[in-house]
Every structure is written in structure tokens, then in C-alpha cells.
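To keep things clear, I will list the structure first and then write my remarks on it.
Protein chains get the first letters and strands the later ones, always in sequence-line order, with residue 1 at the start of each.
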Amino acid sequence: MNKRHVLSILVENYSGTLSKVAGLFSRRGYNIDTLNVAETQDPKISRITVTVTGDGYVLEQITKQLNKLINVIKITNLTECASVLRELMLVKISCTTSTRSELTQIANIFRAHIVDVSAKSITIQITGDESKNSGFLELVKPYGIIEITRTGLTAIERG
Amino acid sequence: MKIKVSEAIVKCLEKENVKVLFGYPGGAVLPLYEALRSSSIEHILVRQEQSAAHMASGYGRASGKVGVCLATSGPGATNLITGIATAYMDSIPLIAITGQVNSQMIGRDMFQEADISGASEPFTKHNFLVKNADELPRIIKEAFYISNSGRKGPVLIDIPKDIQNQIIDFSYPKKINIRGYKPTYNGNTRQIKKAVEYINKSKKPIICVGGGISSSDAKKELVEFVKKTKIPVVCSLMGVDSFPNDSKYFAGLLGSHGYPFINNYMNKSDLLIVIGARFADRSTSMLNKSEVTKNVIHIDIDPAEIGKNVSTKVPIVGDAKNILNSLLQYNYSINTDEWLNNIQGKRKLYKEKLLEINKTGINPRRLIKKISDNMNDEGILTADVGLNQIWSAHCFSAKKERKFMTSGGLGTMGYSLPAAIGAKIAKKECDVVSVMGDGGFQMLLGELALITEHKLGVKIIIFNNNYLGMVKELQLNAYGKDSYYGVEIGFNPDFIKLAEAYGIEGMKISKEEEIDFAVERIFKDDKPFLLECIVDSNFPSIPRLGGRQNE
């Protein structure tokens with residue numbers, strides 16, 4: 001059965017490592033839904049968080065093939081353990097003086113922040129798991145979404 | 001000790017006990033060649049870089065060491081790729097060193113610039129682009145270790161020209177610590193016990209071996225294990241020389257171009273013990289997968305192979321040699337006499353069928369058999385790709401210390417000749433026979449020059465049917481009678497004159513009764529010899545209709 005999985009991959013921070021990881025996905029025919037990457041507390045090590053959709057076989061193959069990459073140190077499937085998943089999203093919504101207060105209210109309910117306002121638009125920053133962010137998008141859609149950008153999930157194990 | 005990086009590279013190679021380099025020079029490797037000039041390493045100048053990789057691979061397979069090839073940046077490097085990919089698919093250890101344009105210039109589309117670390121990524125076990133001169137000794141140390149451990153494979157090191165000229169404080173590292181690379185060598189005891197239970201419960205077991213037996217040097221252990229359990233052995237193309245072909249437990253080659261009866265027996269078996277084999281499509285396309293895979297014990301050093309192509313009851317990750325040794329600690333009480341006799345009876349019939357006298361021209365299988373009968377016990381046969389590969393795999397008897405080398409995974413035409421040259425350079429005392437079709441021979445035939453240049457007694461067999469026979473057979477099987485296209489070789493040179501031009505003696509035969517004389521002539525001395533055999537263009541790969549369609 002196809003399921004969404006969040007994989008947290010620790011890699012040695014050499015040039016070309018990201019392309020090795022990303023290349024492996026496309027080469028073996030797996031789709032990356034989201035991807036994000038940054039250094040960890042140890043500058044020699046980076047963490048790549050990817051979300052992929054697939055059944056048990058696909059997930060097993062992805063994990064095994066990733067493990068074969070020399071620069072990959074450790075892979076954790078965060079969907080299988082208690083973990084905190086977050087995504088940051090910036091949404092630019094068209095907005096007039098008459099709708100500004102409504103949008104501000106919605107932002108407050110979602111504990112989002114207004115980071116920019118202009119005569120015709122308002123930009124809101126929201127952090128949460130994917131369902132919260134998608135819920136927010138549904139709600140503001142009628143106002144007219146001009147542009148969005150989202151980081152993709154990043155995640156960490158609890159405890 | 002302060003030395004240039006180019007000198008450090010040579011020193012590292014010497015420390016790794018490299019005696020021979022197969023290479024082709026160019027602008028981006030000038031400093032390296034200057035350093036090689038005064039070293040003890042022999043440089044073999046190839047005629048095309050692809051051959052350098054095949055030769056290094058043949059050299060490595062014959063000697064059990066890591067072959068090294070070398071090319072300049074750009075086209076030199078890209079020409080290597082087919083050879084590297086060939087080694088990758090067959091898990092052959094190999095080091096490829098390429099020159100690169102100056103590091104400050106990378107990305108500016110310089111003359112002879114190619115992103116070879118990017119391009120070779122899908123075909124290498126690992127690759128390095130050296131950006132910091134000080135890291136070079138560590139990188140070379142790691143490259144050799146990665147290439148020749150775990151599941152072996154090619155590793156590429158790309159070294160910009162300016163880095164080759166930098167001065168470093170050289171010391172060769174003694175220890176290796178790669179955080180993300182720790183291959184498993186010993187099998188899990190619980191799984192091994194489970195495997196023993198499965199074996200003892202089975203009535204019709206089969207062992208299926210691949211190239212993993214050779215790469216872990218586990219032939220002796222396999223023979224012991226088979227003697228103890230009395231289980232028949234089948235092999236993939238890569239596993240032809242994994243088990244003595246003259247043993248009464250040897251059943252033959254499986255797969256789409258294997259012995260047809262073997263696929264039947266595979267379907268009837270109740271336990272499959274797969275050792276060091278991927279069990280890829282060419283091996284399993286003829287099998288009734290859901291039946292065959294009811295009970296599979298899969299032993300492989302690469303965890304990703306287990307469960308990839310067949311589902312497995314007992315997965316054992318580790319080195320075949322160690323695991324077979326562990327399995328040998330147990331007692332087995334199974335009776336396979338009837339099962340074995342059955343298979344052996346079929347094998348005998350099939351062998352007779354293979355060697356039936358041909359109506360027109362030569363039966364190429366009889367020729368291979370004759371060569372096999374006359375070769376010494378350490379002999380090496382390299383087969384190309386196509387009909388000649390199948391004829392060779394079926395009729396060459398890989399017994400004793402003999403080796404059968406071919407491009408099993410990637411199926412690279414042109415592999416045979418350079419691989420044979422590499423093998424002969426590694427093992428001068430062994431008979432080395434290179435078998436090819438008229439198509440494959442012409443892919444890298446410039447390498448003939450090396451045979452004369454380095455006085456290598458390589459014996460060349462060309463099966464000439466004026467067609468790309470395997471493709472033609474596939475076309476006929478897929479689209480029906482007369483529907484072949486693009487496979488006729490409209491003009492072939494006179495191969496005997498060609499050999500003569502390269503300083504190699506040759507002979508052409510077209511009749512059955514000439515085989516004995518010709519093969520005796522081949523093995524009369526240790527000089528190179530080219531034998532051209534005219535083969536009927538409809539001679540099939542396997543006795544019953546070949547190809548996947550008709551099985």
C-alpha cells in the first residue's frame with residue numbers, strides 16, 4: 001500500500017553528496033515529494049530530510065540503496081517513530097483594507113505571523129505539519145493566493 | 001616529505017602494490033605522466049580508453065587484485081564510462097583515475113572539460129573529485145579500500161591538473177575510517193540456523209551461484225558444502241567458473257539463454273539457495289516466479305540485493321566464504337539421489353544435443369568444447385556478448401582453476417579482446433582465449449596492436465556469420481520469419497590479412513573436420529593466434545529455439 005514516509009538521512013558533508021542522494025532517487029525511479037537539507041551541529045555532517053511515497057518494497061529498496069552510498073551515515077524513518085514534523089510556508093494573499101482584518105484573524109487562529117503588508121497584498125508566515133498548512137491554504141484561497149513557497153517537511157525524533 | 005601531488009599519486013599506487021596501469025595520456029594528466037616516467041609501474045598504452053577500463057577489469061579478475069586505468073579529462077574520461085559501467089554491473093573492483101581541467105576553471109566549459117564525477121555517478125560504487133591537494137593520499141587509500149571490499153566495484157578519482165602540480169606533505173595513511181561504510185562480512189547466526197533447518201527439510205533443493213563466489217574467493221568452501229549436502233548447483237553467466245563444471249553436482253547455466261531443462265527443474269524445486277547472485281531478469285525470466293520463490297535462502301554481501309528481485313524466506317547478509325564456512329559447521333541429512341540423477345540424466349542428453357554435427361559449416365559449440373579440452377587447468381576464456389557468449393558459456397568447461405570472464409550484467413560488446421589482453425598481462429603462464437563474433441571483434445580491434453607490442457600469446461577466436469546473430473535471433477523470435485533488420489554486416493575485412501597486418505598469425509576454417517587441426521595449432525605454442533570460423537548465419541544460441549519468446 002502506498003504511504004507517505006519521512007526519511008531523515010545523515011550524510012557526510014562533502015561536495016556532491018546531495019547530488020548523489022537525489023540522483024539515486026531519480027535513477028531508481030522513485031519520486032521525492034519534498035526535500036530539505038542543511039548542516040547539523042557538526043559542520044562535517046548534514047541532514048537531508050526527504051518525503052517519499054511508496055509501498056513497503058519501495059521504501060525498503062530506497063533505504064537499502066541509500067545505505068550503500070558511501071557518504072550516507074544513517075537513515076531514520078521518522079514516520080515509524082514518535083517525531084515532530086514541521087514545515088514553514090510563506091503565503092502572499094491579495095488583500096484590501098476591507099479584508100485585511102479578516103486575514104489577520106485567520107492568521108491569529110493558526111498562530112501564523114504577518115511578515116509583510118502592502119496596499120494590495122499581505123504575506124503570512126505559517127509553521128506546522130502539512131495538514132495544518134494545507135488547512136490554512138484552503139481557508140485563505142477565496143481571498144486570492146498570489147504566491148506561495150514552502151520549505152518541505154523537516155523533522156526530528158521526539159525525546 | 002614534501003612532494004608534488006602527481007608524485008604522491010604514483011607513490012600511493014606503489015603502496016597499493018600496483019604493477020600495471022592501463023592508460024591513455026592527454027593534457028590534463030601531463031604532470032601525472034611525468035611522475036610515472038620515473039616509477040616502477042608499467043604503463044600500457046591502449047588504443048581507446050574504453051579498452052583501458054576493460055583491460056584493468058580483465059587484469060583484476062585474472063589476478064585477484066584491483067586493476068587501475070587512467071585517462072585524461074573530457075573525451076578520455078567519457079570513453080572510460082562504458083568500461084566502468086561494465087565493471088559496475090559485474091561488481092568487479094577497478095580504480096579509474098582521470099585528469100580534470102584546473103580547479104578554478106571547472107564549470108566554464110574549458111577545452112576537454114567534462115563533468116566526469118557527475119557522469120560516472122550511476123556507474124561507480126563511489127567517486128571523488130579532488131578539490132584539496134592534502135586530501136589526495138586519504139582519497140586514494142579509501143578508493144582502493146571501497147573498490148575491493150564489501151560488494152566490489154569501480155571507484156573513480158578525478159584530479160584537476162593544478163592540484164597535480166601542488167606540493168603536499170606526503171604520508172600514506174595507515175588506517176581507514178569511513179563513517180558511512182561498514183560492510184557486513186559474517187552472517188547472522190540465527191538466520192544461518194534457519195537456513196540449515198530449511199535445507200534439512202527440503203527434498204528437491206538447488207543451489208544457484210553467481211559472481212559473488214569468485215569475488216569472495218569461496219570456490220573451495222562451495223565445493224565442500226556441496227559435497228556435504230549433495231545439492232545440485234546451477235549458475236548465472238557470472239557464476240560459470242564458480243563451481244567445477246566437471247563435478248557430478250554441476251547442473252549448468254540457468255536463465256533465458258541457459259540450459260532449457262534447468263529452468264524446468266528450478267520450477268520443480270522446493271528450495272533455492274542463492275549465493276552471491278542478483279537473480280536478475282536474464283536469469284529468472286523463464287521461471288514461474290511465484291512457485292520458485294516459495295522457499296529462498298539468499299546469501300549476499302549487498303543487503304540491497306536481498307528481496308530486490310525475488311522474495312526471500314531466509315536472508316543472510318555477509319561474505320559468501322564466511323557464510324559457507326558457518327554452514328559447513330552443521331550436519332545435513334537429506335537424500336537428493338533421485339533428484340540429482342534426474343538432473344544429471346537431462347544434462348547428459350542436453351550436452352549431446354549441444355554437440356550435434358552441423359549440416360552446413362562449423363558447429364561453434366564443438367569448437368569451444370575442443371578448446372576447453374585442450375586448455376590448461378588455469379586457462380582463462382573471455383567471451384564477448386551475443387551468440388558467442390552463449391556458445392562459450394554452454395561448452396566451456398570451467399574446471400580446476402579455470403576462469404570464464406564475460407560482461408554478464410551490462411552485456412558490453414567489445415569486452416572480450418581487451419579483457420583477454422588484461423588477463424594475459426596478469427597471468428602470462430595461463431592460456432588465454434578470447435572468443436568473439438565478427439561484430440564484437442570490430443568494436444575495439446585496434447587493441448590487436450597491444451598483443452604484438454607486448455608479445456602476449458592471446459588466442460583469438462572469431463565466429464564469423466556476417467550477422468549480429470543474437471539480435472537477429474531476437475528479431476526473428478519477436479516479429480516472425482524474415483523480419484530482421486539492421487543486423488547484416490554488409491562488409492567484413494579479411495580477418496586473416498588484418499591479423500597479419502597486426503603481426504598475428506591467423507587461419508580460417510569453415511568445415512567440421514578442420515576443427516581438430518586448428519585447435520591443435522592454436523595451442524602448439526605461446527604465440528598469439530587468430531582463428532576465424534565461418535558459422536552458418538542461422539545457427540541458434542541454444543538448441544531449442546533461443547530467446548525469451550519461445551520458452
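The shortest heavy-atom contact between B:E121 and A:R27 is O-NH2, 4.2 Å. The two residues A:K64 and B:P303 make their nearest non-hydrogen contact at NZ-O, 2.9 Å.
For the atom pair CD1 of A:I70 and CD1 of B:I146, the computed distance is 4.0 Å after rounding to the nearest 0.5 Å. Interatomic distance, B:D302 CG to A:N67 CG, rounded to the nearest 0.5 Å: 10.5 Å. Atom CD of residue A:E60 and atom CD1 of residue B:I306 lie 9.5 Å apart, to the nearest 0.5 angstrom.
Using a 4.5 Å cut-off between heavy atoms, A:S15 touches chain B through its side chain atoms alone. For B:N127, the parts sitting under 4.5 Å from any heavy atom of chain A are the backbone and the side chain alike. In this structure, chain B has a heavy atom under 4.5 Å from the side chain of A:I45, while its backbone stays farther away.
Interface remark: of the candidates B:P122, B:G150, B:S117, B:P122 forms the most heavy-atom pairs closer than 4.5 Å to chain A.
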### Query
Do B:H126 and A:N71 pass the side-chain contact (heavy atoms from CB on, under 4.5 Å) test, and can you show the C-alpha distance, the side-chain angles, and the key distance before you say yes or no?
CA-CA 9 Å; B:H126 193 51; A:N71 293 342; 3.7 Å; yes
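Counting non-hydrogen atoms of neighbouring residues, nucleotides and ligands closer than 6.0 angstrom, the NZ atom of B:K182 exceeds 12 such neighbours. Atom NZ of B:K131 sits in a sparse spot, with 12 or fewer heavy atoms from other residues, nucleotides or ligands closer than 6.0 Å. Atom NZ of A:K92 has 12 or fewer neighbouring heavy atoms from other residues, nucleotides or ligands inside a 6.0 Å radius.
For the pair A:K68 (side chain) and B:Y181 (backbone), a donor-acceptor distance under 3.5 Å is absent. A:Q61 contributes a side-chain N or O that, together with a main-chain N or O of B:A304, makes up a donor-acceptor pair within less than 3.5 Å. Remark: side-chain polar atoms of A:Y57 are not paired, donor with acceptor, to backbone N or O of B:G307 under 3.5 angstrom.
By the 4.0 Å N-to-carboxylate-O rule, B:R179 lies too far from A:E12 to be salt-bridged with it.
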